[in-house]
Amino acid sequence: MNTAQDVVRCDLCTDVVQHYCKSCHVNLCGNCRIKHIDRNKLTKHEIVPFTSQHLKQEYKVQKCEDHPKQEKDLYCQDCNVPICSRCLTGNHKRHGAVDLEEICESTRNSVSEDLKELYHFEREYSKIVKDMEMRVISYKGHCDKENGSLEKLGQVWHKIIDNAIEKIENKLAVMIKQDLQILQDNVEKIQSSYQKVKQCIERNEYILKEENSFQMLDYKSDVEELRLVPSRKDVSPPTLIFPDTRKETIIEQIVSLRSSFQSSLPDITITKTGDVSMVSNRVLVEDPELISVMFTYSKKLKGIRCESDDKVWIYGDDEKIRQLDKSGSTLQCFNAVSGNSQKDIALSKDGHIAFSHKVNECIYLVKKNGIEKYVDMAGWIPYGIMYNSDGELMVCMRRNDYTESKVGFFTKGKLNQEFQFDETGKPLFSISRNNMYICENGNGDICVSDWNACAVITMKKSGEFRFRYAGNRSCSFKEFYPHGIATDSSCRILVVDRDNNCVHVTDRNGKFLRYISCGLEDPFVLSLDEKENLWVGECDNNCIKIIKYLE
(Lines give C-alpha, C1' and ligand atoms only; values in the text may rest on other atoms or scores of the structure.)
Protein backbone atom coordinates (compact mmCIF):
# COMPACT_ATOMS: atom_id res chain seq x y z
CA MET A 1 0.00 0.00 0.00
CA ASN A 2 1.30 3.47 -0.87
CA THR A 3 2.53 5.75 1.88
CA ALA A 4 1.58 9.41 2.07
CA GLN A 5 4.94 10.31 0.52
CA ASP A 6 4.13 8.12 -2.49
CA VAL A 7 0.93 9.99 -3.33
CA VAL A 8 1.14 11.94 -6.60
CA ARG A 9 -0.13 15.47 -6.20
CA CYS A 10 -1.82 17.92 -8.58
CA ASP A 11 0.64 20.28 -10.31
CA LEU A 12 -1.61 23.28 -9.56
CA CYS A 13 -2.39 22.53 -5.90
CA THR A 14 -1.63 19.92 -3.20
CA ASP A 15 -4.65 17.66 -3.77
CA VAL A 16 -4.28 14.10 -5.01
CA VAL A 17 -4.04 13.81 -8.79
CA GLN A 18 -7.04 12.40 -10.65
CA HIS A 19 -6.52 13.51 -14.25
CA TYR A 20 -3.70 14.06 -16.71
CA CYS A 21 -3.69 16.60 -19.55
CA LYS A 22 -1.89 14.93 -22.46
CA SER A 23 -1.82 18.22 -24.37
CA CYS A 24 -0.01 20.18 -21.64
CA HIS A 25 1.56 17.25 -19.73
CA VAL A 26 0.09 18.47 -16.44
CA ASN A 27 -1.23 16.45 -13.44
CA LEU A 28 -4.66 17.71 -12.31
CA CYS A 29 -7.06 17.11 -9.45
CA GLY A 30 -10.82 17.27 -9.91
CA ASN A 31 -11.10 20.97 -9.02
CA CYS A 32 -8.10 22.14 -11.04
CA ARG A 33 -9.23 20.31 -14.16
CA ILE A 34 -11.83 23.01 -14.89
CA LYS A 35 -9.43 25.82 -13.91
CA HIS A 36 -6.78 24.47 -16.25
CA ILE A 37 -9.16 24.35 -19.20
CA ASP A 38 -10.52 27.85 -18.48
CA ARG A 39 -7.03 29.31 -18.14
CA ASN A 40 -5.96 28.02 -21.58
CA LYS A 41 -9.17 28.18 -23.57
CA LEU A 42 -7.49 28.33 -26.97
CA THR A 43 -5.65 25.04 -26.39
CA LYS A 44 -7.40 21.81 -27.30
CA HIS A 45 -6.96 19.82 -24.06
CA GLU A 46 -6.95 16.03 -24.00
CA ILE A 47 -7.84 15.14 -20.39
CA VAL A 48 -7.51 11.47 -19.43
CA PRO A 49 -7.61 9.58 -16.09
CA PHE A 50 -4.22 9.58 -14.36
CA THR A 51 -2.29 6.29 -14.43
CA SER A 52 1.21 5.19 -13.41
CA GLN A 53 2.30 5.72 -17.00
CA HIS A 54 1.91 9.46 -16.45
CA LEU A 55 4.38 9.60 -13.56
CA LYS A 56 6.97 12.28 -14.28
CA GLN A 57 10.64 11.37 -14.23
CA GLU A 58 12.54 12.47 -11.16
CA TYR A 59 15.57 14.56 -11.96
CA LYS A 60 18.88 14.40 -10.13
CA VAL A 61 19.30 17.31 -7.72
CA GLN A 62 22.46 19.42 -8.04
CA LYS A 63 23.85 22.01 -5.65
CA CYS A 64 24.45 25.57 -6.87
CA GLU A 65 28.14 26.45 -7.34
CA ASP A 66 27.55 30.08 -6.27
CA HIS A 67 25.26 29.17 -3.35
CA PRO A 68 26.34 25.69 -2.18
CA LYS A 69 23.54 25.36 0.35
CA GLN A 70 20.92 25.92 -2.34
CA GLU A 71 19.67 23.33 -4.82
CA LYS A 72 19.46 24.13 -8.51
CA ASP A 73 15.71 24.22 -8.88
CA LEU A 74 15.35 26.88 -11.59
CA TYR A 75 16.48 27.31 -15.20
CA CYS A 76 17.68 30.68 -16.55
CA GLN A 77 16.20 31.16 -20.01
CA ASP A 78 18.59 34.02 -20.81
CA CYS A 79 21.80 32.12 -20.01
CA ASN A 80 20.46 28.59 -20.61
CA VAL A 81 21.88 27.20 -17.36
CA PRO A 82 20.36 25.69 -14.17
CA ILE A 83 20.38 28.09 -11.20
CA CYS A 84 19.02 28.37 -7.67
CA SER A 85 16.46 30.88 -6.44
CA ARG A 86 19.16 33.08 -4.86
CA CYS A 87 20.85 33.50 -8.26
CA LEU A 88 17.89 35.67 -9.32
CA THR A 89 19.15 38.36 -6.96
CA GLY A 90 22.72 38.14 -8.24
CA ASN A 91 24.22 37.26 -11.63
CA HIS A 92 20.83 36.37 -13.08
CA LYS A 93 18.90 39.40 -11.89
CA ARG A 94 16.04 40.36 -14.27
CA HIS A 95 16.59 37.16 -16.26
CA GLY A 96 13.70 34.93 -17.25
CA ALA A 97 13.60 31.79 -15.09
CA VAL A 98 11.34 28.72 -14.94
CA ASP A 99 11.11 25.69 -12.66
CA LEU A 100 13.93 23.24 -13.51
CA GLU A 101 11.74 20.15 -13.31
CA GLU A 102 9.15 21.81 -15.49
CA ILE A 103 11.72 22.84 -18.08
CA CYS A 104 13.12 19.30 -18.09
CA GLU A 105 9.64 17.93 -18.64
CA SER A 106 9.03 20.59 -21.26
CA THR A 107 12.31 19.66 -22.90
CA ARG A 108 11.27 16.01 -22.90
CA ASN A 109 8.07 17.05 -24.66
CA SER A 110 10.12 19.13 -27.09
CA VAL A 111 12.36 16.14 -27.77
CA SER A 112 9.25 14.09 -28.48
CA GLU A 113 7.84 16.79 -30.75
CA ASP A 114 11.23 17.20 -32.44
CA LEU A 115 11.32 13.48 -33.04
CA LYS A 116 8.03 13.74 -34.90
CA GLU A 117 9.48 16.55 -37.00
CA LEU A 118 12.69 14.59 -37.53
CA TYR A 119 10.64 11.78 -39.03
CA HIS A 120 9.32 14.37 -41.50
CA PHE A 121 12.89 15.55 -42.04
CA GLU A 122 14.04 11.98 -42.64
CA ARG A 123 11.44 11.54 -45.34
CA GLU A 124 12.28 14.84 -47.04
CA TYR A 125 16.05 14.39 -46.71
CA SER A 126 15.77 10.92 -48.24
CA LYS A 127 13.94 12.51 -51.17
CA ILE A 128 16.66 15.15 -51.47
CA VAL A 129 19.43 12.50 -51.31
CA LYS A 130 17.70 10.54 -54.08
CA ASP A 131 17.31 13.75 -56.06
CA MET A 132 21.02 14.54 -55.64
CA GLU A 133 21.96 10.97 -56.64
CA MET A 134 19.74 11.25 -59.70
CA ARG A 135 21.46 14.54 -60.54
CA VAL A 136 24.83 12.72 -60.43
CA ILE A 137 23.49 9.93 -62.65
CA SER A 138 21.92 12.49 -64.99
CA TYR A 139 25.16 14.48 -65.12
CA LYS A 140 27.24 11.42 -65.94
CA GLY A 141 24.70 10.29 -68.53
CA HIS A 142 24.74 13.70 -70.16
CA CYS A 143 28.57 13.79 -70.23
CA ASP A 144 28.75 10.26 -71.65
CA LYS A 145 26.32 11.31 -74.36
CA GLU A 146 28.43 14.39 -75.14
CA ASN A 147 31.59 12.28 -75.31
CA GLY A 148 29.82 9.89 -77.66
CA SER A 149 28.67 12.79 -79.81
CA LEU A 150 32.22 14.17 -79.89
CA GLU A 151 33.63 10.79 -80.95
CA LYS A 152 30.95 10.45 -83.63
CA LEU A 153 31.67 13.99 -84.79
CA GLY A 154 35.35 13.10 -85.07
CA GLN A 155 34.51 10.08 -87.19
CA VAL A 156 32.15 12.11 -89.38
CA TRP A 157 34.70 14.85 -89.91
CA HIS A 158 37.47 12.32 -90.54
CA LYS A 159 35.29 10.82 -93.26
CA ILE A 160 34.37 14.23 -94.68
CA ILE A 161 38.03 15.31 -94.77
CA ASP A 162 39.18 11.96 -96.23
CA ASN A 163 36.50 12.18 -98.96
CA ALA A 164 37.36 15.81 -99.66
CA ILE A 165 41.09 15.01 -99.91
CA GLU A 166 40.35 12.00 -102.14
CA LYS A 167 38.27 14.17 -104.50
CA ILE A 168 40.98 16.81 -104.64
CA GLU A 169 43.60 14.11 -105.23
CA ASN A 170 41.56 12.77 -108.18
CA LYS A 171 41.05 16.23 -109.64
CA LEU A 172 44.76 16.94 -109.21
CA ALA A 173 45.66 13.71 -110.99
CA VAL A 174 43.42 14.63 -113.95
CA MET A 175 44.87 18.16 -114.08
CA ILE A 176 48.44 16.83 -113.97
CA LYS A 177 47.73 14.35 -116.75
CA GLN A 178 46.15 17.00 -118.98
CA ASP A 179 48.84 19.57 -118.27
CA LEU A 180 51.67 17.11 -118.88
CA GLN A 181 50.07 16.11 -122.19
CA ILE A 182 50.02 19.76 -123.27
CA LEU A 183 53.64 20.23 -122.22
CA GLN A 184 54.65 17.00 -123.97
CA ASP A 185 52.85 18.13 -127.15
CA ASN A 186 54.87 21.35 -126.98
CA VAL A 187 58.09 19.37 -126.73
CA GLU A 188 57.17 17.10 -129.66
CA LYS A 189 56.08 19.99 -131.86
CA ILE A 190 59.23 22.03 -131.21
CA GLN A 191 61.37 18.91 -131.44
CA SER A 192 59.98 18.28 -134.96
CA SER A 193 60.82 21.82 -136.10
CA TYR A 194 64.21 21.53 -134.44
CA GLN A 195 64.99 18.35 -136.39
CA LYS A 196 63.91 20.04 -139.63
CA VAL A 197 66.28 22.95 -138.92
CA LYS A 198 69.13 20.47 -138.41
CA GLN A 199 68.23 18.68 -141.67
CA CYS A 200 68.20 21.96 -143.61
CA ILE A 201 71.63 22.87 -142.21
CA GLU A 202 73.03 19.49 -143.23
CA ARG A 203 71.52 19.80 -146.76
CA ASN A 204 72.80 23.30 -147.37
CA GLU A 205 76.28 22.39 -146.17
CA TYR A 206 76.35 19.46 -148.62
CA ILE A 207 75.25 21.59 -151.60
CA LEU A 208 77.95 24.11 -150.95
CA LYS A 209 80.56 21.45 -150.59
CA GLU A 210 79.72 19.56 -153.80
CA GLU A 211 79.20 22.65 -155.96
CA ASN A 212 76.82 20.72 -158.18
CA SER A 213 75.06 23.19 -160.42
CA PHE A 214 72.15 20.90 -161.01
CA GLN A 215 71.50 20.49 -157.25
CA MET A 216 71.66 24.24 -156.78
CA LEU A 217 69.03 24.63 -159.48
CA ASP A 218 66.70 22.29 -157.48
CA TYR A 219 67.30 24.12 -154.10
CA LYS A 220 64.22 25.46 -152.27
CA SER A 221 64.64 27.56 -149.10
CA ASP A 222 62.89 26.54 -145.80
CA VAL A 223 64.04 29.57 -143.85
CA GLU A 224 60.74 31.42 -143.97
CA GLU A 225 58.87 28.33 -142.92
CA LEU A 226 61.22 27.84 -139.99
CA ARG A 227 61.43 31.51 -139.08
CA LEU A 228 58.13 31.33 -137.18
CA VAL A 229 58.54 29.07 -134.21
CA PRO A 230 55.49 26.83 -133.83
CA SER A 231 52.89 28.00 -131.26
CA ARG A 232 52.99 26.30 -127.87
CA LYS A 233 51.10 26.41 -124.55
CA ASP A 234 52.46 27.21 -121.15
CA VAL A 235 50.89 25.52 -118.11
CA SER A 236 51.14 26.76 -114.49
CA PRO A 237 51.03 23.81 -112.12
CA PRO A 238 47.97 23.43 -109.86
CA THR A 239 48.31 24.78 -106.32
CA LEU A 240 46.40 23.83 -103.15
CA ILE A 241 44.68 26.80 -101.57
CA PHE A 242 44.46 26.80 -97.76
CA PRO A 243 42.09 29.26 -96.01
CA ASP A 244 43.80 32.05 -94.14
CA THR A 245 42.35 30.81 -90.85
CA ARG A 246 43.95 29.71 -87.63
CA LYS A 247 43.57 26.09 -86.63
CA GLU A 248 41.60 27.08 -83.52
CA THR A 249 39.09 29.01 -85.62
CA ILE A 250 38.52 26.05 -87.93
CA ILE A 251 37.95 23.80 -84.92
CA GLU A 252 35.52 26.31 -83.39
CA GLN A 253 33.56 26.28 -86.68
CA ILE A 254 33.30 22.53 -86.38
CA VAL A 255 32.63 22.25 -82.67
CA SER A 256 33.09 24.28 -79.47
CA LEU A 257 32.63 23.55 -75.77
CA ARG A 258 30.43 25.54 -73.42
CA SER A 259 31.77 25.30 -69.87
CA SER A 260 29.67 23.81 -67.11
CA PHE A 261 28.35 26.32 -64.62
CA GLN A 262 27.44 26.08 -60.97
CA SER A 263 24.43 27.64 -59.30
CA SER A 264 23.01 27.40 -55.80
CA LEU A 265 19.77 25.52 -55.37
CA PRO A 266 17.16 27.27 -53.21
CA ASP A 267 17.38 26.49 -49.52
CA ILE A 268 14.56 24.30 -48.24
CA THR A 269 12.71 24.55 -44.95
CA ILE A 270 10.46 21.81 -43.61
CA THR A 271 7.46 22.83 -41.51
CA LYS A 272 6.23 21.04 -38.42
CA THR A 273 3.62 19.21 -40.49
CA GLY A 274 6.21 18.12 -43.06
CA ASP A 275 5.35 20.67 -45.74
CA VAL A 276 8.32 21.90 -47.77
CA SER A 277 8.93 25.48 -48.87
CA MET A 278 11.85 27.30 -50.48
CA VAL A 279 13.86 30.05 -48.81
CA SER A 280 16.49 32.40 -50.18
CA ASN A 281 20.20 31.62 -49.88
CA ARG A 282 21.51 35.16 -50.15
CA VAL A 283 24.52 35.66 -47.90
CA LEU A 284 25.58 38.55 -45.70
CA VAL A 285 28.09 41.01 -47.15
CA GLU A 286 31.36 41.37 -45.31
CA ASP A 287 30.88 45.11 -44.79
CA PRO A 288 27.31 46.47 -44.83
CA GLU A 289 27.02 49.63 -46.94
CA LEU A 290 25.00 52.77 -46.20
CA ILE A 291 23.23 53.44 -49.51
CA SER A 292 21.36 56.63 -48.69
CA VAL A 293 19.85 58.78 -45.94
CA MET A 294 16.24 60.05 -46.10
CA PHE A 295 15.07 63.00 -44.03
CA THR A 296 11.41 62.50 -43.18
CA TYR A 297 10.63 65.83 -41.46
CA SER A 298 8.51 63.76 -39.10
CA LYS A 299 8.44 64.41 -35.38
CA LYS A 300 9.89 61.49 -33.40
CA LEU A 301 9.92 58.77 -36.06
CA LYS A 302 8.22 55.74 -34.45
CA GLY A 303 7.24 53.41 -37.28
CA ILE A 304 8.12 52.51 -40.88
CA ARG A 305 6.83 49.92 -43.37
CA CYS A 306 8.36 49.55 -46.84
CA GLU A 307 5.77 49.22 -49.61
CA SER A 308 8.37 48.70 -52.38
CA ASP A 309 12.02 49.42 -52.99
CA ASP A 310 11.30 53.14 -53.43
CA LYS A 311 8.19 53.80 -51.29
CA VAL A 312 7.74 53.69 -47.52
CA TRP A 313 4.99 54.43 -44.98
CA ILE A 314 6.01 56.22 -41.77
CA TYR A 315 4.47 57.73 -38.67
CA GLY A 316 5.72 59.78 -35.75
CA ASP A 317 4.52 61.98 -32.92
CA ASP A 318 3.01 64.54 -35.30
CA GLU A 319 -0.16 62.42 -35.66
CA LYS A 320 0.35 61.97 -39.41
CA ILE A 321 0.83 58.81 -41.44
CA ARG A 322 2.81 59.54 -44.60
CA GLN A 323 3.85 57.70 -47.73
CA LEU A 324 7.27 58.88 -48.91
CA ASP A 325 9.47 58.22 -51.93
CA LYS A 326 13.21 57.69 -51.67
CA SER A 327 13.90 61.42 -51.86
CA GLY A 328 11.74 61.98 -48.77
CA SER A 329 8.94 63.69 -50.72
CA THR A 330 5.42 63.07 -49.42
CA LEU A 331 3.22 61.08 -51.81
CA GLN A 332 0.23 60.59 -49.47
CA CYS A 333 -0.63 61.85 -46.00
CA PHE A 334 -3.38 60.96 -43.48
CA ASN A 335 -4.22 62.64 -40.20
CA ALA A 336 -4.15 59.87 -37.61
CA VAL A 337 -6.66 59.72 -34.76
CA SER A 338 -5.74 62.37 -32.22
CA GLY A 339 -4.05 61.53 -28.97
CA ASN A 340 -0.47 61.19 -30.15
CA SER A 341 -0.46 57.57 -29.06
CA GLN A 342 -0.11 55.39 -32.12
CA LYS A 343 2.32 52.55 -31.31
CA ASP A 344 3.03 50.71 -34.58
CA ILE A 345 2.01 50.51 -38.23
CA ALA A 346 1.30 47.54 -40.54
CA LEU A 347 0.71 47.17 -44.29
CA SER A 348 -1.66 44.49 -45.61
CA LYS A 349 -1.31 42.66 -48.93
CA ASP A 350 -4.14 44.73 -50.41
CA GLY A 351 -2.39 47.98 -49.45
CA HIS A 352 -4.43 48.93 -46.37
CA ILE A 353 -2.62 50.64 -43.50
CA ALA A 354 -3.35 49.51 -39.93
CA PHE A 355 -2.05 51.27 -36.84
CA SER A 356 -2.37 50.59 -33.13
CA HIS A 357 -3.68 53.27 -30.77
CA LYS A 358 -2.72 53.23 -27.10
CA VAL A 359 -5.28 55.62 -25.58
CA ASN A 360 -8.29 54.30 -27.50
CA GLU A 361 -7.19 50.67 -27.00
CA CYS A 362 -7.93 49.68 -30.57
CA ILE A 363 -6.55 49.09 -34.06
CA TYR A 364 -7.49 51.53 -36.82
CA LEU A 365 -7.53 50.81 -40.54
CA VAL A 366 -6.78 53.48 -43.15
CA LYS A 367 -8.88 53.08 -46.29
CA LYS A 368 -9.55 55.28 -49.29
CA ASN A 369 -12.72 56.65 -47.75
CA GLY A 370 -11.11 57.42 -44.38
CA ILE A 371 -10.03 55.85 -41.09
CA GLU A 372 -12.20 53.23 -39.39
CA LYS A 373 -11.91 51.18 -36.22
CA TYR A 374 -10.84 47.63 -37.07
CA VAL A 375 -10.41 45.96 -33.65
CA ASP A 376 -11.77 47.16 -30.31
CA MET A 377 -9.47 45.81 -27.62
CA ALA A 378 -11.09 47.31 -24.53
CA GLY A 379 -8.95 46.55 -21.51
CA TRP A 380 -5.86 45.82 -23.57
CA ILE A 381 -3.34 48.22 -25.12
CA PRO A 382 -2.06 47.26 -28.61
CA TYR A 383 1.66 47.71 -29.29
CA GLY A 384 3.53 46.11 -32.20
CA ILE A 385 1.42 44.89 -35.13
CA MET A 386 2.09 43.09 -38.42
CA TYR A 387 0.20 41.05 -41.00
CA ASN A 388 1.33 37.44 -41.35
CA SER A 389 1.43 35.33 -44.52
CA ASP A 390 -2.15 34.14 -43.90
CA GLY A 391 -3.44 37.72 -43.84
CA GLU A 392 -4.02 37.70 -40.07
CA LEU A 393 -3.12 40.81 -38.10
CA MET A 394 -0.68 39.84 -35.34
CA VAL A 395 -0.91 42.17 -32.34
CA CYS A 396 1.25 42.53 -29.23
CA MET A 397 -0.94 43.49 -26.27
CA ARG A 398 -0.52 44.52 -22.64
CA ARG A 399 -3.40 44.77 -20.19
CA ASN A 400 -4.18 48.40 -19.39
CA ASP A 401 -3.18 47.84 -15.75
CA TYR A 402 0.12 46.36 -17.02
CA THR A 403 -0.36 43.03 -15.23
CA GLU A 404 -0.42 40.79 -18.32
CA SER A 405 1.02 40.66 -21.83
CA LYS A 406 0.17 38.45 -24.80
CA VAL A 407 0.03 38.14 -28.59
CA GLY A 408 -3.22 37.81 -30.54
CA PHE A 409 -4.09 36.98 -34.15
CA PHE A 410 -7.07 38.78 -35.71
CA THR A 411 -9.09 38.22 -38.89
CA LYS A 412 -11.85 40.61 -39.93
CA GLY A 413 -11.62 42.26 -36.55
CA LYS A 414 -12.12 39.04 -34.57
CA LEU A 415 -9.60 37.24 -32.36
CA ASN A 416 -8.62 33.84 -33.81
CA GLN A 417 -6.02 32.75 -31.28
CA GLU A 418 -3.72 34.17 -28.64
CA PHE A 419 -0.46 33.16 -26.95
CA GLN A 420 0.41 34.17 -23.41
CA PHE A 421 2.04 31.24 -21.60
CA ASP A 422 4.65 28.61 -22.38
CA GLU A 423 4.14 24.85 -21.94
CA THR A 424 4.82 25.09 -18.21
CA GLY A 425 2.22 27.83 -17.68
CA LYS A 426 4.83 30.58 -17.29
CA PRO A 427 4.26 33.96 -19.02
CA LEU A 428 6.05 34.25 -22.35
CA PHE A 429 6.36 38.04 -22.14
CA SER A 430 7.33 40.64 -19.57
CA ILE A 431 4.81 42.71 -17.63
CA SER A 432 5.43 46.42 -18.23
CA ARG A 433 4.31 49.44 -20.21
CA ASN A 434 7.28 49.36 -22.61
CA ASN A 435 7.26 48.58 -26.33
CA MET A 436 6.79 45.21 -27.98
CA TYR A 437 7.20 44.54 -31.72
CA ILE A 438 6.30 41.46 -33.72
CA CYS A 439 7.06 39.77 -37.06
CA GLU A 440 6.60 36.41 -38.78
CA ASN A 441 9.60 34.44 -40.01
CA GLY A 442 9.68 32.49 -43.27
CA ASN A 443 9.73 29.17 -41.38
CA GLY A 444 6.46 30.07 -39.65
CA ASP A 445 8.01 31.22 -36.35
CA ILE A 446 6.60 34.26 -34.52
CA CYS A 447 9.30 36.64 -33.25
CA VAL A 448 8.50 39.23 -30.57
CA SER A 449 10.93 41.87 -29.33
CA ASP A 450 10.15 42.62 -25.67
CA TRP A 451 11.91 45.77 -24.48
CA ASN A 452 11.36 45.16 -20.78
CA ALA A 453 12.48 41.53 -21.01
CA CYS A 454 15.66 42.62 -22.83
CA ALA A 455 15.03 39.75 -25.23
CA VAL A 456 13.51 38.51 -28.44
CA ILE A 457 11.04 35.70 -27.74
CA THR A 458 10.50 33.27 -30.61
CA MET A 459 7.59 30.82 -30.78
CA LYS A 460 6.48 28.24 -33.26
CA LYS A 461 3.36 29.02 -35.25
CA SER A 462 1.45 26.90 -32.76
CA GLY A 463 2.57 29.21 -29.95
CA GLU A 464 5.08 26.73 -28.51
CA PHE A 465 8.12 28.49 -27.07
CA ARG A 466 11.31 28.00 -29.13
CA PHE A 467 14.04 30.27 -27.76
CA ARG A 468 14.93 33.64 -26.26
CA TYR A 469 17.65 35.82 -27.77
CA ALA A 470 19.04 38.17 -25.12
CA GLY A 471 21.80 39.82 -27.14
CA ASN A 472 25.39 38.86 -27.81
CA ARG A 473 26.94 38.64 -24.36
CA SER A 474 30.47 38.26 -25.76
CA CYS A 475 30.59 42.00 -26.53
CA SER A 476 31.01 44.72 -23.94
CA PHE A 477 27.87 46.58 -24.99
CA LYS A 478 25.24 48.17 -22.84
CA GLU A 479 22.30 45.95 -21.92
CA PHE A 480 20.23 44.76 -24.87
CA TYR A 481 16.95 46.70 -25.24
CA PRO A 482 15.29 45.50 -28.48
CA HIS A 483 12.86 47.58 -30.53
CA GLY A 484 11.79 47.12 -34.16
CA ILE A 485 12.13 43.62 -35.60
CA ALA A 486 12.00 42.01 -39.07
CA THR A 487 13.07 38.84 -40.89
CA ASP A 488 14.57 38.35 -44.34
CA SER A 489 14.06 35.73 -47.06
CA SER A 490 16.74 33.49 -45.51
CA CYS A 491 14.82 33.45 -42.20
CA ARG A 492 17.45 35.59 -40.48
CA ILE A 493 16.12 37.80 -37.66
CA LEU A 494 17.03 41.50 -37.58
CA VAL A 495 16.28 43.49 -34.44
CA VAL A 496 17.08 47.08 -33.46
CA ASP A 497 19.30 47.63 -30.39
CA ARG A 498 18.55 51.27 -29.60
CA ASP A 499 20.95 51.82 -26.71
CA ASN A 500 23.89 50.35 -28.65
CA ASN A 501 23.07 52.10 -31.97
CA CYS A 502 23.05 48.95 -34.05
CA VAL A 503 20.98 46.13 -35.52
CA HIS A 504 21.53 42.54 -34.36
CA VAL A 505 21.36 39.79 -37.00
CA THR A 506 20.73 36.17 -35.91
CA ASP A 507 19.91 33.00 -37.77
CA ARG A 508 16.48 31.38 -37.54
CA ASN A 509 17.52 29.59 -34.33
CA GLY A 510 18.69 32.72 -32.51
CA LYS A 511 22.41 32.22 -33.14
CA PHE A 512 24.15 35.61 -33.32
CA LEU A 513 25.65 36.34 -36.76
CA ARG A 514 26.72 39.99 -36.77
CA TYR A 515 26.00 43.63 -35.93
CA ILE A 516 25.01 46.27 -38.47
CA SER A 517 25.90 49.81 -37.40
CA CYS A 518 26.73 52.00 -40.45
CA GLY A 519 26.70 55.16 -38.31
CA LEU A 520 23.23 54.55 -36.83
CA GLU A 521 22.14 57.05 -34.18
CA ASP A 522 19.14 56.31 -31.98
CA PRO A 523 17.70 53.54 -34.21
CA PHE A 524 14.12 52.69 -33.29
CA VAL A 525 12.33 50.71 -36.01
CA LEU A 526 13.21 48.92 -39.23
CA SER A 527 11.76 47.37 -42.39
CA LEU A 528 13.00 45.53 -45.50
CA ASP A 529 12.13 46.58 -49.05
CA GLU A 530 11.54 44.31 -52.06
CA LYS A 531 15.28 44.11 -52.79
CA GLU A 532 15.92 43.28 -49.12
CA ASN A 533 17.71 46.51 -48.40
CA LEU A 534 17.42 47.41 -44.72
CA TRP A 535 15.56 50.64 -43.85
CA VAL A 536 16.29 51.81 -40.29
CA GLY A 537 14.26 54.65 -38.77
CA GLU A 538 16.11 56.89 -36.30
CA CYS A 539 13.70 58.31 -33.73
CA ASP A 540 15.31 61.55 -32.57
CA ASN A 541 16.98 62.32 -35.92
CA ASN A 542 13.73 61.77 -37.84
CA CYS A 543 15.58 60.15 -40.72
CA ILE A 544 15.75 56.75 -42.41
CA LYS A 545 19.04 55.11 -43.30
CA ILE A 546 18.97 52.57 -46.12
CA ILE A 547 21.62 49.85 -45.78
CA LYS A 548 22.73 47.06 -48.13
CA TYR A 549 23.67 44.06 -46.01
CA LEU A 550 23.15 41.14 -48.44
CA GLU A 551 25.18 40.15 -51.49
Side-chain angles (χ1 to χ4, degrees), residues 128 261-270 276-294 304-310 312 326 386 389 437-449 454-458 466-478 480-538 543-551:
I128 295 170
F261 61 94
Q262 300 177 6
S263 60
S264 298
L265 295 171
D267 287 344
I268 295 174
T269 182
I270 307 170
V276 174
S277 60
M278 304 297 179
V279 295
S280 169
N281 48 24
R282 294 181 66 184
V283 299
L284 301 171
V285 298
E286 185 174 348
D287 296 308
E289 175 189 357
L290 179 62
I291 299 175
S292 63
V293 178
M294 284 176 53
I304 63 172
R305 278 288 180 262
C306 290
E307 181 176 344
S308 63
D309 59 353
D310 58 0
V312 64
K326 258 189 175 179
M386 185 179 181
S389 56
Y437 291 92
I438 189 169
C439 69
E440 180 187 46
N441 210 343
N443 62 355
D445 284 350
I446 308 302
C447 306
V448 178
S449 68
C454 300
V456 172
I457 296 93
T458 299
R466 277 204 65 213
F467 64 85
R468 287 164 59 98
Y469 172 73
N472 180 21
R473 297 184 179 276
S474 63
C475 292
S476 57
F477 277 5
K478 299 176 184 177
F480 176 55
Y481 287 102
H483 280 70
I485 190 169
T487 60
D488 64 18
S489 59
S490 296
C491 296
R492 286 179 284 256
I493 303 169
L494 298 92
V495 59
V496 168
D497 183 353
R498 186 181 185 186
D499 284 17
N500 292 299
N501 291 318
C502 66
V503 173
H504 295 231
V505 183
T506 77
D507 68 8
R508 71 189 68 189
N509 297 313
K511 178 184 177 182
F512 174 79
L513 298 177
R514 69 164 307 140
Y515 294 113
I516 298 175
S517 54
C518 291
L520 294 175
E521 297 179 11
D522 194 36
F524 201 89
V525 284
L526 54 75
S527 184
L528 295 174
D529 64 23
E530 292 175 340
K531 295 180 179 179
E532 292 201 282
N533 290 319
L534 175 63
W535 296 48
V536 183
E538 296 182 337
C543 71
I544 296 173
K545 290 181 176 175
I546 305 175
I547 299 170
K548 177 180 173 61
Y549 76 102
L550 296 177
E551 288 187 354

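Just the heavy atoms: all of them, side chains too, but no hydrogens, waters or symmetry mates, feed the values below. Everything numeric here is computed off the predicted structure, so don't read it as measured data. Along the sequence shown, residues are numbered consecutively beginning with 1.
With contacts defined as side-chain heavy-atom distances shorter than 4.5 Å, the pair Leu284/Leu550 qualifies.
From Leu528, atom CG reaches atom CG of Leu534 across 5.5 Å, with rounding to the nearest 0.5 Å. Ile546 contributes atom CD1, which lies 7.5 Å from atom SG of Cys306 (distance to the nearest 0.5 angstrom). Rounding to the nearest 0.5 angstrom, the gap separating the SG atom in Cys439 from the CD1 atom in Ile493 is 7.0 Å. Met386 CE to Cys447 SG: the interatomic distance, rounded to the nearest 0.5 Å, is 10.0 Å. Here the straight-line distance linking atom CG of Leu494 with atom CD1 of Ile516 works out to 5.5 Å at 0.5 Å rounding. Once rounded to the nearest 0.5 Å, the distance linking CG of Asn472 with CZ of Phe480 reads 10.0 Å.
Asp310 contributes no side-chain N or O that, together with a main-chain N or O of Lys326, makes up a donor-acceptor pair within less than 3.5 Å. Of the possible donor and acceptor atoms, one in the side chain of Lys545 sits under 3.5 Å from a partner among the backbone N and O of Gly519. The closest donor-acceptor contact from the side chain of Asp309 to the backbone of Glu530 lies at 3.5 Å or more, if one exists at all. A donor-acceptor contact shorter than 3.5 Å is absent between the side chain of Asp529 and the backbone of Ser308. Side chain of Arg282 to backbone of Glu551: a donor-acceptor contact under 3.5 angstrom is found.
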Discussion item. Assess the residue pair Phe467 and Arg508 against the criterion (side chain to side chain contact (heavy atoms under 4.5 Å, CB included)); give the C-alpha distance rounded to whole Å, side-chain angles, the decisive distance to 0.1 Å, and a yes or no.
Written reply: CA-CA 10 Å; Phe467 64 85; Arg508 71 189 68 189; over 6 Å; no
Worksheet item: Should Ile446 and Glu440 be marked as a side chain to side chain contact (heavy atoms under 4.5 Å, CB included) after you check the CA-CA gap, both sets of side-chain angles, and the distance that decides it?
Response: CA-CA 5 Å; Ile446 308 302; Glu440 180 187 46; 4.2 Å; yes
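Between Val503 and Leu520, the shortest heavy-atom contact is CG2-CD1, 4.0 Å.
By the neighbour-count criterion of 12 heavy atoms within 6.0 Å, atom CD of Glu286 is sparsely surrounded, having that number or fewer from other residues, nucleotides or ligands.
Inspection of the Tyr549 and Asp488 side chains reveals an N or O donor paired with an N or O acceptor under 3.5 Å. In this structure, a donor-acceptor pair under 3.5 Å is absent between the side chains of Asp507 and Asn509.
Classified by interplanar angle (parallel below 30°, tilted 30° to 60°, perpendicular above 60°), the ring pair Phe512/Tyr469 is parallel.
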